[in-house]
Amino acid sequence: MLPESSTGCSFEDCQDTADWLLSQTAVRPLVGIVCGSGLGGLADVLKDQEAFNYKDIPNFPQSTVHGHAGRLVFGTFKDRTCVCMQGRFHLYEGYPVQKITMPMRLFKLLGVETVILTNAAGGLNQDYEVGDIMIIKDHLNIPGFAGNNPLVGPNDERFGVRFPCMSDAYDRELQQLALDVGSELGYSDFLREGVYCVLGGPSFETIAECRMLNKLGADAVGMSTAHEVIVARHCGMRVFALSLITNKVVSDYNSEKKANHEEVLQTGKQRAEQMERLVSTIITRIGHNNNLA
Ligand SMILES: O=P(O)(O)O[C@@H]1C[C@H](O)[C@@H](CO)O1
């Protein structure tokens, strides 16, 4: 495992990137958003946008996946200041886990207090349907079991403690807020709460793997988010995360179905409007200093 300093993710590297961005925009974001595969439309709801291509941001990784535009967008929802990653980074793109999570440390140094993450995920829970939106209440970090945790390496106390707690990773007040907002919007029929499991990808799961993950207590499986959540919590930001169930995993040897990225992006398009309304309404109810409005 590379030390942080050689992957461009040290405190000083992140501070340089934050200083550069803060010199380019007057927006001081309190909410940070990460858009999952096919869910980049969330950024388009921001008003008074100022956007930066990842390739122009010092020290920033590049998006390589279809459905991840590769832009950092600053703007506002009502009077809430936000920064939105229109495209995230994944382990399977070949980046070290410290690099794919570097934007969380950048968010922190930009002044972000609350992070909202979205992802596309395969439904493991037999009761889930394609198009369901799952409020993530916990995760299984399978790469972490093998030592691939973003906090591996020297710990910089300016970000957080050596051994951060993760039993409160997903903010319970924000989960309740999402349920309340979902019910007000008439989304209760397709709103779920569950456990997200991250794998390294990029291959989709085998039938045996899906059966195993379901037995382990996972409701949805994907290739992101948990690493970002760990780093966001390490540096003290509040976290809320949603999975869009874009496909049902194949867990039956008689099934002819095959997981594919096109279906993932297609379901993202179909549910984009509801995802955007849910997230934007939640943001309007998040107050300053982590209070709910
Ligand atoms: O960035 P997310 O987690 O939404 O992307 C998922 C996982 C893979 O990158 C891709 C598979 O279709 O979608």
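In listed order, ligands and their atoms are each counted from 1.
- At a 3.5 angstrom cut-off on N or O pairs, Ser37 counts as close to ligand 1.
- Residue Asn119 touches ligand 1 through backbone and side chain together, judged by heavy-atom distances below 4.0 Å.
- Near His261, meaning under 4.0 Å from one of its heavy atoms, ligand 1 places the atoms 10 (C), 11 (C), 12 (O).
- Under a 4.0 Å N-O distance rule, the pair Lys257/Glu263 qualifies as a salt bridge.
- Counting the atoms of ligand 1 from 1 in the order shown, those under 4.0 Å from a heavy atom of Tyr92 are 8 (C), 9 (O).
- With hydrogens left out, the protein atom closest to atom 1 (O) of ligand 1 is His90 NE2, 2.7 Å, a heavy atom.
- The 12-atom threshold is not exceeded at CZ of Phe163, counting heavy atoms of other residues, nucleotides or ligands nearer than 6.0 Å.
- No salt bridge links Arg162 with Glu157; every basic N to acidic carboxylate O contact stays at or beyond 4.0 Å.
- The distance from ligand 1 to the heavy atoms of Gly36 drops below 4.0 Å at these ligand atoms: 4 (O).
- Every atom of ligand 1 with a heavy atom of Met223 under 4.0 Å away is listed here by number and element: 7 (C), 8 (C).
- Atoms of ligand 1 lying under 4.0 Å from any heavy atom of Ser224, numbered from 1 in the order shown and given with element: 1 (O), 2 (P), 3 (O).
- For Phe89 and His68, the ring centers sit 6.0 Å or farther from each other.
- For the residue pair His227 / Asn149, no side-chain donor-acceptor distance below 3.5 Å is found, with atom types taken as modelled.
- Electrostatic pairing of Glu184 and Arg285 counts as a salt bridge here, judged by a charged N lying under 4.0 Å from a carboxylate O.
- The aromatic ring centroids of Phe52 and Phe74 lie less than 6.0 Å from each other.
- Contact atoms of ligand 1 toward His68: 1 (O) (distance under 4.0 Å to a heavy atom of the residue).
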